[in-house]
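Report on one structure; see the data block that follows.
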Amino acid sequence: MRHPVVMGNWKLNGSKEMVSNLLKGLDAALKGVEGVDVAVAPPVMYLDLAEQLIGKAENKIILGAQNVDVNAKGAFTGDISPEMLKDFGASHIIIGHSERRDYHSESDEFVAKKFAFLKEQGLTPVLCIGESEAQNEAGETVAVCARQIDAVIKTQGVEALNGAIIAYEPIWAIGTGKAATAEDAQRIHAAIRAHIAEQSEEVAKNVVIQYGGSVKPENAAAYFAQPDIDGALVGGAALDAESFAAIAKAAAEAKK
Ligand code: PEP
């Protein structure tokens, strides 16, 4: 039985005041919400503050991060290692987000390296995959997602996906308000699961696959009603405590 995971990706947004208000508001809004793992990924700058606030929260909030680098220590200016993330209590680490693939030219192979490094350190990779609008229109969605997952499977074996999270995020739906329909998202999620099942039915059955792309309180329940959608990776709506908690609540209720 897969456990739903709803994760907020705060991207390049935050200040001490905002982090404090958002986490306190989220803690209050999550009262009584059970049966879903709720995670947040603030900018690394605010992990320390977030760890302290989460430590005082009444409801469980998992701390995550938006990226990791591929070196452990030494002369790598500006890099952040898995050990550093662990030091601040971050466990769920987003990798391969389309914004990093696009703006920082991160390849499938580079993302797979990050995946391996996180696993090695006992952290949970949240592997983002998804197609561009042009690829979608060309009918290449499943092939693109399969290629992105295969970069991990080919280097680390399908078992590496055990305990990891996959976030299917059609790029054209991220931050655009143009969300995929729940039925289309389900079709792609089922295809992703079937692709993994070609290597291992057991791994495919257990891996959490989130949907991401303009998820809001208004459309969340429709996604979570789908059998292969196990939660959401949320950008914009995660910056509002009430909206994000409402999405988490929708996941908890749908997956009871
Ligand atoms: C994201 O950045 O991962 C995302 C899904 O953003 P949004 O919810 O704003 O579309």
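Whatever order the structure lists them in is the order used to number ligands and atoms, beginning at 1.
- A donor and an acceptor atom, one from each side chain of His97 and Asn67, are nowhere located under 3.5 Å apart.
- From Lys11, atom NZ reaches atom CD1 of Ile94 across 9.0 Å, with rounding to the nearest 0.5 Å.
- Salt bridge annotation for Asp184-Arg187: present, with a cationic side-chain nitrogen under 4.0 angstrom from a carboxylate oxygen.
- Between Tyr211 and His189, the two ring planes are tilted [angle within 30° to 60°].
- For ligand 1, residues of the protein lying within 4.0 angstrom by heavy-atom distance are Asn9, Lys11, His97, Glu169, Ala173, Ile174, Gly175, Gly212, Gly213, Ser214, Leu233, Val234, Gly235, Gly236.
- To the nearest 0.5 Å, the span separating CD1 on Ile196 from NZ on Lys205 amounts to 14.0 Å.
- Residue pairs meeting the side-chain hydrogen bond (donor to acceptor under 3.5 Å, both in side chains) criterion with at least one partner in residues 243-256, sequence neighbours excluded, are Asp240-Ser243.
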